[in-house]
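Written below as structure tokens is the structure these notes are about.
Naming: A, B, ... by sequence-line order, numbering from 1 per chain.
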Amino acid sequence: MKLIVAYIQPEKLNDVKQELYRREIFKISVSNSLGCGQQKGYKKVYRGVDIEVNLLKKVRIEIAVNDAFVEPTIEAILDGAQTSVIGDGKIFVLPIEQCIRIRNRENGPQAIG
Amino acid sequence: MKLIVAYIQPEKLNDVKQELYRREIFKISVSNSLGCGQQKGYKKVYRGVDIEVNLLKKVRIEIAVNDAFVEPTIEAILDGAQTSVIGDGKIFVLPIEQCIRIRNRENGPQAIG
Amino acid sequence: MKLIVAYIQPEKLNDVKQELYRREIFKISVSNSLGCGQQKGYKKVYRGVDIEVNLLKKVRIEIAVNDAFVEPTIEAILDGAQTSVIGDGKIFVLPIEQCIRIRNRENGPQAIG
Amino acid sequence: MKSRIVVMILILLACTLSGIGADEISSAITLHQDSFDMIWLLVAGSLVFFMQAGFAMVEIGLTRAKNAGNIIMKNLMDFCAGSLMFWMFGWALMYGESVNGLFGFSQFFIGGNDMVLFRNWMFQVVFAATAATIVSGAMAERTKFSAYLIYSIFISALIYPISGHWIWGGGWLSRIGFFDFAGSTVVHSVGGWASLVGTMALGPRIGKYVSQGSVVTSKPILGHNLPLACLGVFILWFGWYGFNPGSTLSGTDPTMALVATTTTLSASAGAIGAMIVSWIKFKNPDVSMSLNGALAGLVGITASTAVVSPLSAIIIGLISGFIVVFSIEFIDKILHIDDPVGAISVHGICGVWGTLAVGLFGNTTHIKGLFFGGGFKQLGIQFLGVVTVGVWVMATTGILFAIIKKSHGLRVSKHEELAGLDLAEHSTESYSGFQIFTNM
Amino acid sequence: MKSRIVVMILILLACTLSGIGADEISSAITLHQDSFDMIWLLVAGSLVFFMQAGFAMVEIGLTRAKNAGNIIMKNLMDFCAGSLMFWMFGWALMYGESVNGLFGFSQFFIGGNDMVLFRNWMFQVVFAATAATIVSGAMAERTKFSAYLIYSIFISALIYPISGHWIWGGGWLSRIGFFDFAGSTVVHSVGGWASLVGTMALGPRIGKYVSQGSVVTSKPILGHNLPLACLGVFILWFGWYGFNPGSTLSGTDPTMALVATTTTLSASAGAIGAMIVSWIKFKNPDVSMSLNGALAGLVGITASTAVVSPLSAIIIGLISGFIVVFSIEFIDKILHIDDPVGAISVHGICGVWGTLAVGLFGNTTHIKGLFFGGGFKQLGIQFLGVVTVGVWVMATTGILFAIIKKSHGLRVSKHEELAGLDLAEHSTESYSGFQIFTNM
Amino acid sequence: MKSRIVVMILILLACTLSGIGADEISSAITLHQDSFDMIWLLVAGSLVFFMQAGFAMVEIGLTRAKNAGNIIMKNLMDFCAGSLMFWMFGWALMYGESVNGLFGFSQFFIGGNDMVLFRNWMFQVVFAATAATIVSGAMAERTKFSAYLIYSIFISALIYPISGHWIWGGGWLSRIGFFDFAGSTVVHSVGGWASLVGTMALGPRIGKYVSQGSVVTSKPILGHNLPLACLGVFILWFGWYGFNPGSTLSGTDPTMALVATTTTLSASAGAIGAMIVSWIKFKNPDVSMSLNGALAGLVGITASTAVVSPLSAIIIGLISGFIVVFSIEFIDKILHIDDPVGAISVHGICGVWGTLAVGLFGNTTHIKGLFFGGGFKQLGIQFLGVVTVGVWVMATTGILFAIIKKSHGLRVSKHEELAGLDLAEHSTESYSGFQIFTNM
Ligand SMILES: Nc1ncnc2c1ncn2[C@@H]1O[C@H](COP(=O)(O)OP(=O)(O)O)[C@@H](O)[C@H]1O
Ligand SMILES: Nc1ncnc2c1ncn2[C@@H]1O[C@H](COP(=O)(O)OP(=O)(O)O)[C@@H](O)[C@H]1O
Ligand SMILES: Nc1ncnc2c1ncn2[C@@H]1O[C@H](COP(=O)(O)OP(=O)(O)O)[C@@H](O)[C@H]1O
């Protein structure tokens with residue numbers, strides 16, 4: 001089992017969700033995050049004083065999947081989030097050792113979906 | 001060392017915390033998250049227009065523990081959060097390779113608690 | 001590749017970022033979190049009723065790095081966030097199995113930076 | 001004969017030269033007198049109307065984000081339903097021809113061409129709405145919206161007007177000398193008593209009281225928006241300059257200046273009083289208590305504002321500020337009655353105190369309080385008024401809430417309460433997009 | 001002769017004794033008459049000014065957090081630019097000497113010493129600003145700020161004053177008997193029509209309408225702050241007590257009491273009407289619809305407020321409340337016109353309804369509506385007014401927006417719209433520090 | 001003899017017929033005159049009171065979420081403590097019998113039955129509170145609450161009343177012809193100078209100025225709630241229609257119309273002026289600067305509002321709008337004085353500008369400015385007033401803050417400042433449940 005963590009542009013969340021659905025991946029957790037990557041942020045002026053905003057708003061998604069679903073999930077995120085412009089984000093894949101469904105204490109790969 | 005990540009219903013946080021305390025697990029990090037799982041969300045109407053809310057509010061907790069504490073921690077979460085109704089959430093266990101206490105740069109298992 | 005997750009005091013974020021920059025680590029994701037550790041929280045009174053606030057505001061940072069950068073990153077966080085007072089926080093290092101840059105579907109160590 | 005004609009011509013001439021006849025003078029002066037009253041009452045009435053916004057903001061601010069939309073609906077609808085009710089029945093029962101001093105009974109469904117009637121209705125309807133809306137704060141975060149609507153209709157159409165008749169409509173209390181200048185009892189206590197009965201009928205919010213064995217601990221449920229609560233208090237205070245000075249009911253009665261002065265001083269002293277008590281008791285100058293203190297001072301002075309000196313006003317306000325903190329604590333920690341915004345204490349208890357204060361501090365030819373040589377007479381009458389109005393309101397709202405509870409249901413389900421009334425009852429979110437962290 | 005002298009002495013004596021001469025009496029009375037009008041119009045004008053805050057809060061509340069600062073700027077600046085324009089040109093075109101009943105033409109750049117002129121300008125400028133600011137809500141979240149400024153200038157300097165002249169400035173519509181007491185057409189419909197044209201010229205916000213094949217689905221874009229929207233509605237309602245009663249234009253006209261009464265009742269009925277419809281249609285008493293309903297009731301009664309009975313006012317309000325929900329749905333789901341705050345429905349459609357209501361419910365000696373034996377005459381005139389003003393506003397704003405679109409650009413870029421106008425146009429954030437989760 | 005009797009009978013008859021006697025006419029007219037003044041000042045005073053809400057909202061909006069509750073307490077308590085102080089001492093020192101034109105000295109602890117006295121106190125106390133509350137914004141986010149309370153007491157009881165006496169209480173400045181109609185100097189500059197001294201005594205907020213070597217960079221600390229700041233500005237502007245027109249002090253002085261007009265135009269021009277400058281300098285029409293600009297225009301016109309033409313008002317406002325942006329930048333970037341809300345610039349600098357503007361643009365029989373043929377005389381007097389009041393306020397507040405700093409402490413600890421004053425001083429959170437991300 002893997003935990004796929006991805007940072008994407010906020011406005012791409014809907015597209016990513018749709019791509020996931022098409023591949024029958026329905027479980028997902030989303031939170032917001034501030035990120036700093038190759039996209040360098042921007043400057044603005046507040047009451048005459050410069051602000052460097054180098055933490056940009058991103059959406060962080062977490063999807064836990066069985067190994068067979070790693071590829072489709074990554075595909076889905078790429079298809080939904082890629083604009084080929086700096087700031088598109090990253091996908092990280094982490095190993096999961098256990099997965100438990102709280103509702104029925106089910107454990108292991110069948111709990112993930 | 002393991003990182004235990006769990007998604008639970010917001011109103012169950014207090015119960016989970018109490019169960020953890022009973023098992024002498026005091027360290028925890030909490031954030032909020034929007035989740036989509038087997039619980040399919042709901043429909044509402046805003047000014048006459050249907051909204052499908054399929055991202056439900058969840059609480060995300062992270063607990064880093066030594067291997068011996070994995071079981072009690074999972075038990076505590078299950079005991080605190082289980083209602084046997086869809087939407088109860090998930091627990092994921094991830095491996096941690098290093099753990100460092102910032103205060104005194106202590107490293108390894110003794111830093112976790 | 002590793003994912004370095006750290007919890008720090010909110011007011012230390014700027015210092016940590018500066019230390020990271022000095023070591024040429026520019027990628028970072030930041031979110032907020034409520035934490036409970038050795039720092040036990042505090043009591044306050046709201047309209048005559050005691051509140052135990054045991055979830056303190058913390059900043060959670062995530063930095064994905066190649067293995068060579070693990071040490072400098074930890075150093076940077078320690079240098080920026082350490083005050084030697086309870087509540088300084090923790091650093092966890094997790095293994096990453098894959099890393100993909102969404103923009104160009106680049107995969108592996110070169111995608112991380 | 002000749003001289004008479006001359007005189008008449010002369011008078012006419014004098015008048016004509018000055019461009020205005022005696023008749024015209026007289027009618028101009030009458031018109032002007034009427035216009036003062038008209039303008040004064042309409043402006044004051046508008047200010048009192050604006051207090052609805054104040055109540056809404058205070059109640060929103062002192063409760064949780066997940067119920068804000070529900071509070072909006074309750075505050076909006078108790079005015080809207082209430083004003084229609086007061087047009088149909090309320091006015092008639094309060095200011096119609098008195099039936100044995102018990103209630104009025106004429107002028108239902110106001111119409112016609114009497115502008116003075118319209119003016120008075122306008123000024124009175126906003127007071128009725130104030131009494132009604134007080135309750136929404138006390139019953140916040142767990143009441144069924146439809147049940148609240150039913151309550152609103154009855155308080156505006158029936159309960160408020162009848163006790164109002166006793167005091168302001170020429171009823172029996174006014175005849176024996178009960179004095180309540182702008183409504184410590186007529187408006188605020190009525191709201192306060194209804195709040196008490198309502199909260200008791202409802203029970204506390206989930207999570208408010210935790211019992212371990214025989215020990216019940218009160219848990220705080222924090223308000224989510226102090227800036228709005230602060231704004232609400234300032235709006236209420238601002239509106240009170242219509243509420244109290246407007247209650248001269250005359251635009252040419254200079255007492256309005258004394259009223260404005262005592263109102264200002266009592267409110268100030270109330271806030272300071274509550275701040276001091278909270279500072280001593282809780283080690284910190286508490287924000288929401290100080291805000292409640294200002295309101296307590298305003299409620300406390302309302303009955304006596306025209307008949308006490310500035311110094312007395314300060315004392316009345318200060319005591320109101322003390323009372324409100326102790327009362328909120330007592331109701332919460334001892335009685336375990338869950339009143340999220342402190343409405344029972346601010347409007348009920350301080351309303352009682354303000355009404356009695358007339359009998360203590362009153363100092364005019366007609367109203368002489370205990371401290372100014374008037375003996376216990378006025379105080380006794382005030383006490384009687386407090387008690388009878390209290391009994392009336394508690395009895396009627398008791399029956400009302402009991403019937404609602406039985407037939408329709410008064411409270412939302414546990415699940416709805418946890419999800420928040422915004423979602424459960426109005427399928428909306430009040431702060432869409434904001435990340436709100438709640439496990440309560 | 002002797003008696004004449006005696007008489008004169010006597011009169012003088014009488015006057016002197018009473019401390020005041022006939023001349024002085026007469027001039028005092030004139031002064032007082034003027035002072036009533038002065039105070040009344042300045043107080044009412046201030047209340048109407050405050051409606052700017054109400055509009056700002058409603059529009060902020062019903063749109064997304066990322067555009068709040070932009071809405072602030074638009075609401076602030078349409079007043080500021082508008083008031084300068086109305087000082088330069090607007091007043092002159094509206095209330096200057098009439099050129100064939102089509103427009104006024106004198107008193108540009110108001111100055112001098114005529115206090116009555118200043119008073120009238122002050123009272124009128126806030127109405128002009130109201131008409132202008134209505135549009136900001138409809139065009140919210142996607143309009144270029146500079147384009148909006150240009151629009152503001154033209155509506156306050158030209159478009160509003162000219163149709164205003166027809167009705168309130170002694171122009172042709174008023175001459176044939178068109179009646180609009182406080183501006184259902186003059187102010188609200190004008191704003192509503194301009195909103196309609198503006199939103200059509202702009203197109204919908206990104207993500208508002210999703211088409212799959214030939215089916216276009218309307219997606220909700222939630223407002224981010226209902227408490228502010230609620231506050232805004234209460235402020236608007238409060239301001240309406242200046243808007244409508246102030247429109248007696250005289251501080252001694254007792255009709256103001258009827259006006260205040262019908263205004264209150266219609267607003268209440270409007271909110272209730274909208275709540276009922278939303279409850280039936282959407283299964284829930286909708287918060288933002290009920291708030292819109294109160295405004296609909298206010299707009300609906302504005303034309304006829306001084307000439308209808310309280311009962312008629314309730315009916316007018318109730319129907320306004322019904323209309324507004326259906327109209328918002330129709331405009332959104334059938335016409336696919338994206339009006340974030342419902343301005344077209346509230347001000348445009350209910351403004352039309354209110355204007356026609358004069359011809360239905362009017363019941364005074366001069367204004368007799370269909371239901372009170374006046375036949376179709378007044379209704380016909382009202383209809384003519386509605387149509388001509390509608391054509392005028394749609395034609396002129398159509399040209400205006402077309403030119404802006406061609407020459408300057410009316411809408412921000414897609415990227416700017418997604419980032420939010422606060423960042424893109426004003427490089428600010430309205431809620432710095434708050435975590436706001438948006439993928440819209 | 002007979003004719004005399006006839007005449008008397010006739011007069012009586014005439015009067016009786018018209019229902020009113022000569023005596024009654026005269027006393028009615030006196031009553032009416034008094035009532036105009038009474039109503040006007042009470043309504044205007046209530047509007048000025050409401051400005052407290054405006055200040056609170058502006059200051060909350062332009063500072064950080066973690067200090068909102070503290071700002072509420074400061075704004076509430078400076079009014080509450082201030083009004084008691086002004087009742088005890090302030091009024092007596094300002095309007096009591098003049099001691100050599102330096103201060104008043106009678107009518108301490110106001111009481112009795114003189115309604116005109118109460119009326120005047122009521123109107124004046126809200127001005128005193130305005131001067132006091134200006135400082136809370138400048139000293140926001142780092143001042144000890146108890147220290148602020150001490151300051152509040154002294155400014156309302158002593159500092160404000162004495163310079164106020166010089167100008168409005170019949171003191172020496174008024175005797176030499178200094179003119180400040182509604183308080184550009186009396187109220188706003190006093191608040192501005194006190195702010196300057198206070199911020200200097202306090203030092204900047206942690207993180208505001210970062211020095212690298214000899215270079216000090218100013219860092220922005222963003223306000224957290226622009227919608228509330230916007231609301232605050234509209235409330236202040238609304239309140240200003242009491243502040244300025246009310247300062248005719250007479251309900252029958254038609255000048256109030258000119259005052260309302262120039263106030264409106266100057267505020268509008270101020271907002272536009274600030275917007276233009278910010279647009280040019282920062283490339284963007286800045287929201288908070290434009291809001292400050294409107295306030296600058298209001299402060300700028302306050303002294304001369306009754307004695308300048310509309311065109312002059314626009315110029316005064318426009319310049320105020322220019323000044324305020326440059327001044328805020330100068331104070332921040334050059335002087336490195338940390339004034340979170342721009343109070344020194346808005347009230348201090350524009351207050352000075354407004355006071356001088358009387359000597360430039362004044363154009364009545366009594367006040368003739370430089371540009372209208374009055375030469376330098378009035379300007380010189382105005383200048384003298386500006387300087388002496390500045391010296392007085394800076395000297396006294398300088399001593400006051402120095403003593404507080406020494407004895408009691410003026411500033412919270414570093415730890416408390418970082419945690420936020422809400423938690424540290426009031427153990428509360430203003431936005432409980434909201435996720436607020438701050439590393440500042
Ligand atoms: N190494 C990393 N560690 C943590 N977060 C990262 C890392 N790299 C990227 N991110 C997150 O992804 C977001 C987008 O990355 P960015 O580098 O701007 O995109 P791109 O890959 O197109 O250059 C960042 O804002 C940050 O939140
Ligand atoms: N595979 C997953 N990946 C990421 N998050 C998940 C996954 N499965 C569940 N979650 C999180 O857990 C929450 C509860 O899951 P849900 O499936 O509704 O509960 P249940 O397991 O009782 O069916 C979801 O809302 C989501 O936030
Ligand atoms: N074992 C853990 N699991 C999850 N989060 C932790 C853990 N230990 C610490 N944290 C996070 O780090 C923060 C700081 O930890 P704390 O124990 O107070 O500091 P210190 O290490 O100086 O004693 C906590 O508030 C919590 O958010």
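- Trp121(D) has its side chain within reach of Leu265(E): a pair of non-hydrogen atoms, C-beta onward, lies under 4.5 Å apart.
- Within the 4.5 angstrom heavy-atom criterion, only backbone atoms of Ala424(D) (N, CA, C, O) approach chain E.
- Once rounded to the nearest 0.5 Å, the distance linking CD1 of Ile25(E) with CD1 of Ile29(D) reads 7.0 Å.
- Within the 4.5 Å cutoff, the side chain of Pro285(E) has heavy atoms near those of the His426(D) side chain.
- Comparing Ser309(E), Ala257(E), Ser288(E), Ala267(E) by heavy-atom pairs within less than 4.5 Å of chain D, the highest count is held by Ala257(E).
- When all heavy atoms are compared, the tightest approach of Phe118(D) to Pro310(E) is CE2-CG, 3.6 Å.
- Contacts of Trp279(E) with chain D are made by side-chain atoms alone, with heavy-atom separations under 4.5 Å and no backbone atom involved.
- Of all the heavy atoms in Ser290(E) and Met77(D), the pair that sits closest is CB-CE, 3.9 Å.
- Within the model, atoms OG of Ser432(D) and CZ of Arg64(E) stand 9.5 Å from one another, a figure rounded to the nearest 0.5 Å.
- With no hydrogens or angles considered, a side-chain donor-acceptor pair links Ser83(D) and Ser268(E) at under 3.5 Å.
- One distance of note links CG of Leu311(E) with CD1 of Ile110(D); it measures 12.5 Å at 0.5 Å rounding.
- Using a 4.5 Å cut-off between heavy atoms, Val43(E) contacts chain D through its side chain alone, with no backbone atom that close.
- For Gln52(D), the parts sitting under 4.5 Å from any heavy atom of chain E are the backbone and the side chain alike.
- Contacts between Ile436(D) and chain E at a heavy-atom distance below 4.5 Å are absent for every atom of the residue.
- When each of Phe49(D), Phe79(D), Tyr431(D) is scored by its heavy-atom pairs under 4.5 Å with chain E, the top score falls to Phe49(D).
- In terms of heavy-atom proximity, Met57(D) sits nearest to Cys230(E) at CE-SG, 4.1 Å.
- There is no contact between Ile39(E) and chain D, counting heavy-atom distances below 4.5 Å.
- Ranked by non-hydrogen atom pairs under 4.5 Å with chain D, the options Val287(E), Asp253(E), Leu47(E), Asp286(E) are led by Val287(E).
- If you measure heavy-atom distances from Leu41(D) to chain E, you find no contacts under 4.5 Å at all.
- To the nearest 0.5 Å, atom CG of residue Leu84(D) and atom OG1 of residue Thr264(E) are 10.5 Å apart.
- Annotation for Leu149(D) and Met275(E): closest pair CD1-CE, 3.8 Å, computed over non-hydrogen atoms.
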Please walk me through it: do Leu231(E) and Ile235(D) pass side chain to side chain contact (heavy atoms under 4.5 Å, CB included)? CA-CA 11 Å; Leu231(E) 177 66; Ile235(D) 290 176; 4.0 Å; yes

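- Nearest approach of Leu76(D) to Ala271(E), heavy atoms of both residues: CD2-CB, 4.3 Å.
- For chain E, the nearby parts of Phe36(D) are the backbone and the side chain; heavy atoms of each come within less than 4.5 Å.
- Here the two rings, on Phe437(E) and Phe434(D), have centers that are 6.0 Å apart or farther.
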Checking Phe50(D) against Phe234(E) for the ring-ring contact (aromatic ring centres under 6.0 Å, His included) test, could you report, in this order, the C-alpha distance in whole Å, the side-chain angles of both residues, the deciding distance, and whether it holds? CA-CA 7 Å; Phe50(D) 195 39; Phe234(E) 276 122; 8.2 Å; no

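- For Phe282(E), the CZ atom sits in a packed shell: over 12 heavy atoms of surrounding residues, nucleotides or ligands are nearer than 6.0 Å.
- Within the 4.5 angstrom heavy-atom criterion, only side-chain atoms of Ile314(E), from C-beta onward, approach chain D.
- For Thr252(E), the parts sitting under 4.5 Å from any heavy atom of chain D are the backbone and the side chain alike.
- For a residue to count as touching a neighbouring chain, one of its non-hydrogen atoms must lie under 4.5 Å from one of that chain's; by this rule Ile71(D) does not touch chain E.
- Rounding to the nearest 0.5 Å places OG1 of Thr248(E) at 9.5 Å from CG of Leu42(D).
- Between Gln33(E) and His32(D), the side chains place a donor N or O and an acceptor N or O closer than 3.5 Å (distance only, hydrogens not considered).
- In this structure, CG in Leu226(E) is found 7.5 Å from CG in Asp422(D), a value given to the nearest 0.5 Å.
- Between Met122(D) and Ala260(E), the shortest heavy-atom distance links the atoms SD-O, 3.5 Å.
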